[in-house]
Amino acid sequence: MSEDRHPFLQGLSKHRGAPPTIIVIFGASGDLTARKLIPALYNLGLDNLLPGDFHLIGYGRKPIPDEEFQADAEKDVNEFSRRPLNPDIWPQLKANIHYHAGGYDDPKAFAELREKCLDIEKKAGRDLQFVFYISTPPSVFKPILENLGSSGLAAHGKGTPLASKMIIEKPFGRDLATAQELNQIIANQFDEHQVFRIDHYLGKETVQDLMVLRFANTIFEPIWNRRYVDCVQITVAEDLGVGTRGGYYDTSGATRDMLQNHTMQLLALTAMEAPVSLGAEDIRDEKVKLLKSIQPLRLDPKDGDAVRAQYAEGLIGGEKVPGYLQEKDIPATSSTETFAALRMSINNWRWQGVPFYLRSGKRLARRVSEIAIQFKQPPGGLFTDPSRFDMAANTLVIQIQPDEGTTFLLNSKIPGLETRTQPVKMHFRYATTFGSNTPEAYERLILDAMVGDSTLFIRGDETETSWKLYTPLLEYWEECGRKGLDSYACGSWGPLSADRLLWESNHEWRRAGP
Ligand code: NDP
Ligand code: BG6
């Protein structure tokens, strides 16, 4: 065990040991593999959380010798791992990294992949679990799934505790129909308990803490409802642009890339009822119930629940950056939104009448993800003189990233000989209490998939319920093309129309961040 093991991990391997595993990553030459998956596996290894028999096979179309893929993996660890490469541990891991070249729609390549896996299993002298991580663009999800089925790889170990598992990246479909089709293809090859639809926001510490905050503290439940809450604001903002991912992003946009998945998970965990247990099905049942209670979005261009916009040239960190239409691989006439803001209404006893505002975008003023629960103003006219009483609504802010923690905004008397007030903040910071360098989302999620725990993954009906809500909006925007598409300057907080969306209900966006 490594010496710098985080306290979070103490004792974990004893009861969460993953079985001997071969993990195959499809799309192994890609961005996600380099930046997240390889570093996550390395850090699991460093924490002694990988099984003794652990093998990684990278799969991609371009032939790459094993040694070159191993060298690339080493570079990825050096560049992207949260902890430096440990020369005592790395060689052992590196020796079990392999590469397999083949097309995603090539049955022969999958038959050879199976032979390779079986050969490793034979050499190991024991049964191994096969885990398939689909980390390619969504356009090839379907052939990969079909080939996993027809090659027999999906059926490996079926009926035993070492049954194959499949982790699939987002976006899971582009609308309800494609998500249903994908679920059907998956169901033809795998049982639901073998399937891990990933949403890496669920692997973030602060997102997992939402359930603890809500259900392990008695003080919140009595006020977590329409009697006390005025509105909820969920912001997932990035300062980065589309970078090298223009080709993918232009087919996706902020709504498919962030809102339909990450932001909806934040909403579901914030608003759902307490589950019967911490078991995967009980939690996911509650999330689905909540998603089903959300009212259809109103699409009226004047009085609708959604606005969209594209970034225009502006300044980020004092540097001039190009607008979306000038980015690489973006067509000059693109109507893809890089920002969207929504107002959602939940039609149940707890939340009737409380607006949930969601916004997400690229090239915004700063990188920040947070959930702000804004409480109602106190009754009575005691503190109304604005020259003396600077007041803000009580707000509980769950800061997902960066600077993870929770802040409570309340009003306080300013010390002095007369009564004057100002809003103040109570902070809890993860880094201060628990130290920094906590595990990355992908570490937790890959480990969970290896041990077969699907609590932090999306169930098939959950993603379909979310798509049901978003599909009419996406179809409507597609029909409109660029009509009604706003723009915002890079480095701003989005278009004016997003502010108007809240003004209509006498609210305004808070300045996100600690
Ligand atoms: P990439 O665009 O880097 O693609 C991954 C690999 O897939 C490529 O290296 C390439 O491998 C293969 N590939 C790329 N385009 C095609 C194509 N048109 N047809 C067939 N194969 C192709 O993707 P990312 O690594 O960025 O993302 C992978 C998945 O993870 C996506 O579903 C994405 O939405 C999701 N994701 C990505 C995040 C990120 O930060 N990158 C974050 C969260 C989710 P080769 O040529 O070797 O076959
Ligand atoms: C991914 C999106 O799912 O999440 C990216 O495809 C986005 O566009 C990323 O940048 C944000 O993740 P994080 O963890 O940096 O907030």
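Keep in mind that this is a model prediction, so the values were computed, not measured. Side chains included, hydrogens not; waters and symmetry mates left out as well; all remaining heavy atoms used. Counting starts at 1 for both ligands and their atoms, following the listed order.
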Residue-ligand contact Tyr249/ligand 1, heavy atom below 4.0 Å: no

Close approach of Lys36 to ligand 1, heavy atoms, under 4.0 angstrom: no

Ignoring hydrogens, tell whether any protein atom lies closer than 4.0 Å to atom 23 (O) of ligand 1; use the non-hydrogen atoms only. no

Please report whether the ring centroid of [Y] lies less than 6.0 Å from that of [X].
X: Tyr59; Y: Tyr104; value: yes
X: Phe26; Y: Phe110; value: yes
X: Phe339; Y: Tyr324; value: no

Only heavy atoms of [X], strictly under 4.0 Å: list the atoms of ligand 2 that pass.
X: Lys170; answer: 1 (C), 2 (C), 3 (O), 6 (O)
X: Lys204; answer: 13 (P), 14 (O), 16 (O)
X: Lys362; answer: 5 (C), 7 (C), 8 (O), 10 (O)
X: Gln401; answer: 13 (P), 16 (O)

Hey, is [X] close enough to [Y] for a salt bridge, meaning N to O under 4.0 Å?
X: Asp461; Y: Lys292; value: no
X: Asp199; Y: Lys170; value: no
X: Glu464; Y: Lys468; value: no
X: Lys142; Y: Glu181; value: yes

Go through it in stages, so that I can follow the logic: the residues are Arg197 and Glu192, the test is salt bridge (Lys or Arg N to Asp or Glu O under 4.0 Å), and I'd like the CA-CA distance, side-chain angles, deciding distance and then a yes or no. CA-CA 10 Å; Arg197 294 174 197 78; Glu192 182 65 26; 2.7 Å; yes

Can an N or O of Ser369 be found at a distance shorter than 3.5 Å from an N or O of ligand 2? no

Hey, is ligand 2 close enough to Tyr248 that some N/O pair sits below 3.5 Å? no

Option from Val451, Leu44, Thr21 for which side-chain contact (heavy atoms from CB on, under 4.5 Å) with Pro51 holds: Thr21

Determine whether Asp250 and Asp329 make a side-chain contact, defined as any pair of heavy atoms from C-beta on separated by less than 4.5 Å. no

Note the single closest protein heavy atom to atom 15 (O) of ligand 2, along with its residue, its atom name and the distance in Å. Arg367 NH2, 3.4 Å

Identity and separation of the nearest protein heavy atom to atom 6 (O) of ligand 2: Asp257 OD1, 2.6 Å

Which label fits His200 and Tyr442: parallel for a plane angle under 30°, tilted from 30 to 60°, or perpendicular past 60°? parallel

Hey, is Glu169 touching ligand 1 through its side chain, its backbone, both or neither, going by heavy atoms under 4.0 Å? side chain

Distance-only N or O hit between ligand 1 and Tyr104, under 3.5 Å: yes

Any N/O pair Thr33/ligand 1 closer than 3.5 Å: no

Out of [options], whose heavy atom sits nearest [atom]?
atom: atom 41 (N) of ligand 1; options: Ile64, Leu32, Ile25, Asp31; answer: Asp31
atom: atom 15 (N) of ligand 1; options: Gly27, Pro63, Gly30, Pro137; answer: Pro137
atom: atom 5 (C) of ligand 2; options: His200, Arg245, Glu238, Arg35; answer: Arg245

At under 4.0 Å between heavy atoms, which part of Tyr201 makes contact with ligand 2: side chain, backbone, both or neither? side chain

Hey, which atoms in ligand 1 end up nearer than 4.0 Å to a heavy atom of Lys170? 31 (C), 32 (O), 33 (C), 34 (O), 35 (C)

